[in-house]
Amino acid sequence: MPELPEVEAAVRRFRRKAVGRTIAKVTLLHPSLQRRITPARLRAIAGATIAAVERRGKHQLIHLDDGRILLAHFRMNGDWEYGNAGDDLQRFARATIDFTDDSRITFVDSRALGTIELHAAGTLPDLGLGPDAASASWTARQLGTSLAARKGPIKPALLDQKLVAGLGNIYASEALWRAKINPRTPCNTLTAKQVSDLRKAIAAVLKRAKGTRYTDDSTVHLDVYDREGVPCRRCKTPVVRFAQAGRSTYWCPVCQRN
DNA sequence: ATAGGCCTGGAC
DNA sequence: GTCCAGGCCTAT
């Protein structure tokens with residue numbers, strides 16, 4: 001998905017539907033998920049109650065009342081769908097969580113790259129995340145310090161969850177466009193003004209996307225992402241696409257010229 | 001830094 | 001068929 005705003009929206013819905021409910025059964029429908037949790041541990045989830053749900057970067061932590069944690073990550077395509085235990089499985093259903101009140105949450109994920117893991121109480125591994133992109137306490141100054149230690153281009157750096165957690169390929173391009181920064185700029189050559197503009201642009205882009213669901217995709221307003229050849233919204237120059245670290249970058253070669 | 005792998009679907 | 005895809009890990 002699913003970048004920070006979409007994961008945040010998913011977490012909120014999941015929280016509303018699941019907290020306080022008791023799990024009757026979790027079913028893993030796809031081999032890629034079955035490989036991650038043994039059948040015995042999976043069966044042992046029955047009877048646990050969902051205590052809390054939180055987002056860290058793009059990870060979702062589903063806390064059970066006994067301290068165990070279901071750790072979910074949507075990767076490219078995942079989302080939660082809601083229904084009842086008797087429903088027909090949706091296309092691309094990869095896992096179901098059935099509750100004792102017969103409600104059901106289904107993990108749908110067409111590419112099956114998403115993950116769900118179960119961690120025993122107190123055993124959650126380090127997720128390797130830097131400051132959360134949506135955190136108000138994450139400052140331009142902190143961002144500047146991190147960037148000063150890097151020599152590579154800024155755009156791939158924004159995808160590094162250790163630099164800042166939650167940005168993905170879409171909003172990285174969007175934020176750079178908004179801040180008028182060339183995606184090829186070496187991190188350690190950005191000026192203090194550019195770093196400040198970038199921090200503000202990230203906040204603005206995430207705020208605009210707030211509440212977005214992955215499946216509502218077409219309704220999201222984007223300025224450059226997936227707009228190759230389309231006139232830049234600021235200067236009318238056609239948007240250009242090129243690859244950085246194997247991922248598409250979109251930018252305006254005129255107003256992001258530096 | 002970059003390529004390949006994980007998976008599968010959709011656009012061409 | 002071929003290419004591309006909002007993520008991330010591992011190997012080179």
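Worth knowing before you read on, the calculation uses all heavy atoms, side chains too, and leaves out hydrogens, waters and symmetry mates. Numbers restart at 1 for each chain; the letters A, B, ... are given by sequence-line order, proteins then strands.
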Quick one: look up who dC3(C) pairs with, Watson-Crick or G-U, both distances under 3.5 Å, and put none if it's unpaired.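 With both distances under 3.5 Å, dC3(C) matches dG10(B).
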Considering every strand shown, what is the Watson-Crick or G-U wobble mate of dT10(C) when both distances are under 3.5 Å?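 Its partner is dA3(B).
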Do the side chains of Arg55(A) and Leu61(A) get nearer than 4.5 Å, heavy atoms only? no
Please give the distance between the [atom1] atoms of [N] and [M] as a whole number of Å.
N	M	atom1	value
dA11(B)	dG6(C)	P	16 Å
dG5(B)	dT2(C)	P	16 Å
dC6(B)	dG1(C)	C1'	22 Å

So, does His30(A) get its side chain near the phosphate of dT8(B), meaning an N or O under 4.0 Å from OP1 or OP2? yes
Using OP1 and OP2 only, check whether a side-chain N or O of Ser248(A) sits under 4.0 Å from dA5(C).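 Looking at the OP1 and OP2 atoms of dA5(C), one of them is under 4.0 Å from a side-chain N or O of Ser248(A).
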With heavy atoms under 4.0 Å as the rule, sort [X] into base, sugar-phosphate or nothing.
X	value
Gly246(A)	nothing
Gly114(A)	nothing
Tyr171(A)	nothing

d([atom1], [X]; [atom2], [N]) in whole Å:
X	N	atom1	atom2	answer
His73(A)	dC8(C)	NE2	P	4 Å
Arg75(A)	dC7(B)	CZ	C1'	11 Å
Leu159(A)	dC8(C)	CG	P	9 Å
Asn169(A)	dC8(C)	CG	C1'	12 Å
Asn77(A)	dG7(C)	CG	C1'	10 Å
Asp109(A)	dG9(B)	CG	C1'	12 Å

Leu113(A) has a side chain; which of dC8(C), dC6(B), dT8(B) sits nearest to it? dC6(B)
Taking only the side-chain heavy atoms of Pro2(A) (C-beta and beyond), determine which of dG6(C), dG9(B), dA5(C) contains the nearest atom.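 Looking only at heavy atoms from C-beta outward on Pro2(A), the closest nucleotide is dG6(C).
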Specify the residue among Arg241(A) and Leu127(A) whose closest nucleotide of DNA chain C lies further upstream toward the 5′ end.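 Checking each residue's closest nucleotide, the 5'-ward one belongs to Arg241(A).
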Let's test your reading of the model: under 3.5 Å, does the base of dA5(C) pair with the side chain of Arg247(A) as donor and acceptor? no
For Gly166(A), does its backbone N or O pair with a side-chain atom of Glu3(A) as donor and acceptor, under 3.5 Å? no
Nearest 0.5 Å please: distance from the CD atom of Gln244(A) over to the OG atom of Ser173(A). 8.0 Å
After noting the C-alpha distance and the side-chain angles of Thr27(A) and Arg104(A), does the key distance pass the side chain to side chain contact (heavy atoms under 4.5 Å, CB included) rule? CA-CA 11 Å; Thr27(A) 306; Arg104(A) 163 180 284 177; over 6 Å; no
Trp80(A)/Phe74(A) aromatic ring centres below 6.0 Å: yes
